[in-house]
There are 2 protein chains.
Amino acid sequence: MFMKIEALNKTDNRGLQNDIISKIRDHINYKNLEPGDKLPSERMLSEKFEVSRSAIREAIQSLEFYGILESIPQSGTFVAKLGVTALNGMINEILNLEEPDFKSLVETRILLELKTVRLAAQRRTEEQLKHMKQALDAYTEKALLGEDAVQEDLLFHLAIAKASGNPSLNTLMLIITPEIITNFEKYHVCGDDQTFKGIEEHKSIFEAIKNKDVQKSKELMKVHFKSLYKYCYNVDL
Amino acid sequence: MFMKIEALNKTDNRGLQNDIISKIRDHINYKNLEPGDKLPSERMLSEKFEVSRSAIREAIQSLEFYGILESIPQSGTFVAKLGVTALNGMINEILNLEEPDFKSLVETRILLELKTVRLAAQRRTEEQLKHMKQALDAYTEKALLGEDAVQEDLLFHLAIAKASGNPSLNTLMLIITPEIITNFEKYHVCGDDQTFKGIEEHKSIFEAIKNKDVQKSKELMKVHFKSLYKYCYNVDL
DNA sequence: AAGGTTAAACTGGTTTACCAGATTGGTTTA
DNA sequence: TAAACCAATCTGGTAAACCAGTTTAACCTT
């Protein structure tokens with residue numbers, strides 16, 4: 001499906017897959033396929049491109065993830081209701097996608113979280129509040145023991161994203177968070193001094209969401225990330 | 001040929017896949033697999049869960065996309081360097097993901113674009129500027145002819161995202177944009193009156209990025225989306 | 001008994017064969 | 001003539017066999 005920020009970059013596969021994707025694009029252009037038209041069958045394509053049908057299927061799945069193609073069982077694979085221009089542009093962008101670096105991930109996460117926390121403060125239900133409280137308690141308990149609480153930290157933030165009531169934002173958060181976490185672990189970003197400060201910050205963020213104080217929740221999250229960002233890069237945000 | 005591209009049978013497939021994913025999660029918990037540990041082979045899992053190996057592979061690919069698993073050829077599938085807690089939390093979130101609705105997509109797009117335009121104004125290279133100009137010209141030309149220029153509109157915005165110099169943001173934009181576009185087409189959101197206003201707005205945004213006027217670029221983008229949002233929902237942003 | 005060697009087994013990936021439902025075009029029927 | 005029907009065909013999906021590295025462990029050598 002995606003694809004895929006992480007799953008694509010198996011350097012082995014990516015070369016071949018990108019090759020197939022560009023060939024599919026070329027075919028669509030050559031045959032002047034219009035939105036909604038049917039692509040040749042997987043068998044035909046695999047013969048035409050002289051690659052295995054599996055490889056074709058994989059490439060199609062990637063393009064399905066971006067909403068460019070759609071496979072319908074026992075019927076065929078269809079190009080989305082995008083025009084040829086948009087389709088070409090999108091495929092080219094996808095083929096030229098750079099691998100996200102840690103800094104851009106953090107930058108994106110901060111952006112997303114400043115939004116999710118505001119939306120959560122506006123829209124959170126009682127049940128979502130309860131869920132956030134549980135995540136907060138789990139985090140606090142672990143942090144107070146002096147143990148590494150990166151995971152519980154993450155889950156608290158994901159609980160906020162969930163409470164934002166925006167499935168799209170929630171999905172994007174889920175996509176980038178694991179990469180952030182693994183990088184955190186890799187570079188040992190989080191220091192012990194951050195842990196205790198984190199407890200207070202998390203608690204205050206939770207309170208702001210509970211009180212539906214939109215502005216305050218955002219400010220607190222900003223502060224929360226400010227110290228983190230500074231710790232990572234030795235520069236102010 | 002008027003084929004309907006609707007994802008109906010996906011529900012069936014997704015149900016099975018989610019079922020397998022939760023079983024994998026349960027297995028990891030039951031066996032107390034730690035970060036970096038190896039999952040049973042695909043054959044074992046397919047036998048254990050009584051599903052086809054293809055289905056297992058598909059589920060694993062999904063989890064790979066979210067960075068939770070990693071398959072290594074001729075070796076095995078390994079759980080990411082996330083702790084058990086984070087892993088459980090993430091999988092549960094993934095299983096409970098809601099399908100994004102149009103409004104949440106627009107909300108997310110506005111958020112992302114207000115950021116990409118600011119970053120583009122800061123970081124754009126001359127080459128990226130040239131790329132944006134091309135997209136802008138293509139849009140203007142088509143819009144002036146009174147034709148539907150949704151695709152060219154989209155490509156201009158994607159060019160901005162590219163110029164933001166943030167691959168992560170760029171990827172997220174590519175993920176949500178097609179869905180937005182198809183919804184636009186479906187609901188016929190864009191009116192003709194919007195087109196000519198759009199030309200001026202796009203041009204002024206481009207100029208702001210060219211002049212590296214960060215604040216102005218953001219303000220202009222805000223206005224650009226304001227009218228759009230208002231048009232969509234009959235409410236102010 | 002320890003270390004090196006090798007072959008059998010096990011792995012994810014790939015190819016091949018098969019399946020059930022959708023499509024299609026010719027035939028039948030009103 | 002046109003609508004209805006039906007079987008041959010074509011489709012993506014699925015299952016099973018096969019492949020090429022990797023891992024493992026038994027075996028031989030020292």
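Each chain gets a letter, A, B and so on, in the order its sequence line appears, and its residues count up from 1. Remember, predicted model here, so these are calculated numbers, not experimental data.
A/Asp37 contributes a side-chain N or O that, together with a main-chain N or O of A/Glu34, makes up a donor-acceptor pair within less than 3.5 Å. Between the side chain of B/Gln128 and the backbone N or O of B/Thr125, at least one donor-acceptor pair lies under 3.5 Å. Counting only distance, with no hydrogens or angles, the side chain of A/Asp153 and the backbone of A/Ala149 share no donor-acceptor pair below 3.5 Å.
The partner of C/dA30 is D/dT1, judged by Watson-Crick or G-U wobble contacts that both fall below 3.5 Å.
Each of D/dG12, C/dG13, C/dT14 was ranked by its minimum atom distance to the side chain of B/Pro73; first place goes to C/dG13. Checking C/dG12, D/dT11, D/dT22 against every side-chain atom of B/Ser41, the shortest atom distance belongs to C/dG12. Ranking D/dC19, D/dT14, D/dT23 by closeness to the A/Arg57 side chain, first place goes to D/dT14. For A/Glu58, the side-chain atoms get nearest to C/dT14 when compared with the rest of D/dT22, C/dT14, D/dT11.
Between A/Gln74 atom CD and C/dT23 atom C1' there is a gap of 11 Å when expressed in whole angstrom units. Between the CZ atom of B/Arg43 and the P atom of D/dC19 there is a distance of 13 Å, given to the nearest Å. Taking atom CG of A/Leu45 as the reference point, atom P of D/dG13 lies 13 Å away to the nearest angstrom. In this structure, CD of A/Gln61 is placed 13 Å from P of D/dG12, rounded to the nearest angstrom. The distance from atom CD of A/Glu70 to atom C1' of D/dT11 is 15 Å, rounded to the nearest whole Å. Rounded to a whole Å, the CD atom of A/Glu47 is 15 Å from the C1' atom of C/dT16. Taking atom NZ of B/Lys38 as the reference point, atom C1' of C/dC10 lies 8 Å away to the nearest angstrom. Whole-Å rounding puts the A/Ile72 CD1 to D/dC10 C1' distance at 15 Å.
Checking the phosphate oxygens (OP1, OP2) of C/dG12, a side-chain nitrogen or oxygen of B/Thr77 falls inside 4.0 Å.
Comparing B/Leu39 and A/Val51 along DNA chain C, the residue whose closest nucleotide (by nearest heavy atom) sits nearer the 5' end is B/Leu39.
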Polar pairs (N or O, both sides) under 3.5 Å between protein and nucleotides 5-9 of chain C?
none

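Using a 4.0 Å heavy-atom distance criterion, B/Ser75 is classed as a sugar-phosphate-only contact.
Using a 4.5 Å cut-off on side-chain heavy atoms (C-beta onward), B/Ile94 and B/Ile68 make contact.
For D/dG13, the base has no donor-acceptor partner in the side chain of B/Arg53 [N/O atoms by modelled type, under 3.5 angstrom].
Salt-bridge annotation for B/Arg57 and A/Glu58: absent, with no side-chain N of the basic residue lying under 4.0 Å from a carboxylate O of the acidic one.
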Starting from the C-alpha separation in whole Å, work towards a yes-or-no answer on side chain to side chain donor-acceptor pair (under 3.5 Å) for B/Thr108 and A/Ser168.
CA-CA 7 Å; B/Thr108 306; A/Ser168 177; 3.2 Å; yes
Can you check side chain to side chain donor-acceptor pair (under 3.5 Å) on A/Thr140 and A/Asp137, steps first, answer last?
CA-CA 5 Å; A/Thr140 307; A/Asp137 288 343; 5.1 Å; no
